[in-house]
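Below is one structure, written out as structure tokens; comments come after it.
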Amino acid sequence: MPRITLALATVLSLAFTPVAAQDWQKAMTAFENGDFAAALQEWLPLAEQGIAGPQVMLGMMYDKGLGTQRDYTKALLWYRLAADQGVAEAQTALGLKHLTGQGVLQDYALAVKWFRSAAVQGEATAQNNLAAMYEDGLSLIQDNVMAHMWYNIASANGNSKAGEWRDERAGLMTSAAIEKAQAMARECMSSGYKKCGY
């Protein structure tokens, strides 16, 4: 499982009202300056209004204990609210929580569900983590072709280690299996993540 990673990107592409956008920026500035308590105070009302970006950030802050006590229950709540709105970073975070059993019962099937939901949105960390689940056969049938495919896609989308891990998988595969995995990766990406796998 050392290949499982978490990368929470800042969710900036969400629509905000002008006031909410100002509050978001104020919180982001505080966060970047290390004033986590002020960021938490600014993001909380936005998150309570159902805005996904602040929900992701609150999840991460409670998860890591930034500006508040570490609280996995609250982290999971905020991640889940954002994940249910389709935010890939929150889905990746939930997948990792279910994979590791941190704050929840360990459940590989739920980890796969959340990683897959984020992976088909192009989220490279989730793609990498899904590849690792195929590599290790966690809640999935162990499959080097699928692992190679997802590592290949994650690498193309900027995950710095995925290419290295893809190449390790290739050392265990036949030329025909590698060609199949590469063709599947091309089809997956060209289909906008609609056709990913067998």
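Computation of the quantities below employed the complete heavy-atom set of this structure, encompassing side-chain atoms and omitting hydrogens, waters and symmetry-equivalent molecules.
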Quiz prompt | Pairwise side-chain contact, Gln182 with Met149, heavy-atom cut-off 4.5 Å (strictly under) | solution = no
Self-check item: Residue pairs passing the salt bridge (Lys or Arg N to Asp or Glu O under 4.0 Å) test where at least one lies in residues 97-113, sequence neighbours excluded
Solution: Asp63-Lys97
Quiz item: Side chains of Thr92 and Trp114: does their closest heavy-atom pair fall under 4.5 Å?
Solution: no
Quiz item: Does a side-chain heavy-atom distance below 4.5 Å link Ile153 with Met189?
Solution: yes
Practice problem: Determine yes or no for a side-chain-to-main-chain donor-acceptor pair under 3.5 angstrom, with Glu123 supplying the side chain and Glu89 the backbone. | Solution: no
Self-check item: Test item: Phe31 and Met60 side chains (from C-beta on) under 4.5 Å apart, heavy atoms
Solution: yes
Quiz prompt | Closest non-hydrogen atom pair, Ala126 against Ala118 | solution = CB-CB, 3.4 Å
Exercise. Can you see which heavy atom on Val145 is nearest to which on Ala181, and at what distance?
Key: O-CB, 3.5 Å
Quiz prompt | Heavy-atom check, side chain of Trp165 versus side chain of Asn128, under 4.5 Å | solution = yes
Self-check item: Contact check, side chains of Met57 and Trp24, non-hydrogen atoms, under 4.5 Å
Solution: yes
Quiz item: Quick one: side-chain contact (heavy atoms from CB on, under 4.5 Å) partners of Ala124, sequence neighbours excluded?
Solution: Gln127, Asn157, Asn159
Quiz item: salt bridge (Lys or Arg N to Asp or Glu O under 4.0 Å): which pairs involve residues 38-47, sequence neighbours left out?
Solution: Lys26-Glu42
Quiz item: Looking at residues at least two apart in the chain, or sitting in another chain, which of them share a salt bridge (charged side-chain N to carboxylate O under 4.0 Å, His left out) with Asp84?
Solution: Arg80
Quiz item: Who are the side-chain hydrogen bond (donor to acceptor under 3.5 Å, both in side chains) partners of Asp143, not counting sequence neighbours?
Solution: Tyr198
Self-check item: Gln41, CD atom: more than 12 neighbouring heavy atoms under 6.0 Å
Solution: no
Practice problem: Report the residues that fulfil side-chain hydrogen bond (donor to acceptor under 3.5 Å, both in side chains) with Tyr62, sequence neighbours left out, ordered by chain and then residue number. | Solution: none
Self-check item: Those residues that, when tested against Thr68, pass side-chain hydrogen bond (donor to acceptor under 3.5 Å, both in side chains) (two or more places apart)
Solution: none
Quiz item: Can you check side chain to side chain contact (heavy atoms under 4.5 Å, CB included) on Met133 and Tyr108, steps first, answer last?
Solution: CA-CA 8 Å; Met133 305 265 319; Tyr108 294 150; 4.1 Å; yes
Practice problem: Locate the shortest heavy-atom distance separating Ala39 from Ala27; write the atom from each residue and the value. | Solution: CB-O, 3.4 Å
Quiz item: Got a second to check how far Gln85's CD is from Gln91's CD, nearest 0.5 Å?
Solution: 10.5 Å
Practice problem: Kindly indicate whether the side chain of Tyr151, heavy atoms from C-beta on, has any atom under 4.5 Å from the side chain of Glu135. | Solution: yes
Quiz item: Closest heavy-atom contact between Ala111 and His98?
Solution: N-CB, 3.8 Å
Exercise. Quick one: which residue pairs count as a salt bridge (Lys or Arg N to Asp or Glu O under 4.0 Å) with a foot in residues 175-188, not counting sequence neighbours?
Key: none
Practice problem: Quick one: list whatever passes side-chain contact (heavy atoms from CB on, under 4.5 Å) with Leu81, sequence neighbours left out. | Solution: Gln55, Leu77, Trp78
Exercise. Could you note down all residue pairs passing disulfide bond (SG atoms under 2.5 Å apart) where residues 166-198 supplies at least one of them, sequence neighbours left out?
Key: Cys188-Cys196
Quiz item: With a 4.5 Å limit on heavy-atom distance, are the side chains of Asn144 and Gln142 in contact?
Solution: yes
Exercise. Not counting sequence neighbours, which residues clear side-chain contact (heavy atoms from CB on, under 4.5 Å) with Ser155? List them please.
Key: Ala162, Arg166
Practice problem: May I ask you to decide if Ser117's main-chain N or O and Gln121's side chain share a donor-acceptor pair within less than 3.5 Å? | Solution: yes
Quiz item: Checking Asn33 side chain against Asp35 main chain: does a donor-acceptor pair fall under 3.5 Å?
Solution: no
Self-check item: Lys161: partners by side-chain hydrogen bond (donor to acceptor under 3.5 Å, both in side chains), with sequence neighbours left out
Solution: Glu164
Practice problem: May I ask whether Tyr72 and Leu99 are part of the same hydrophobic cluster, defined by side-chain heavy atoms of I, L, V, M, F, W, Y residues being less than 4.5 angstrom apart, directly or through others? | Solution: no
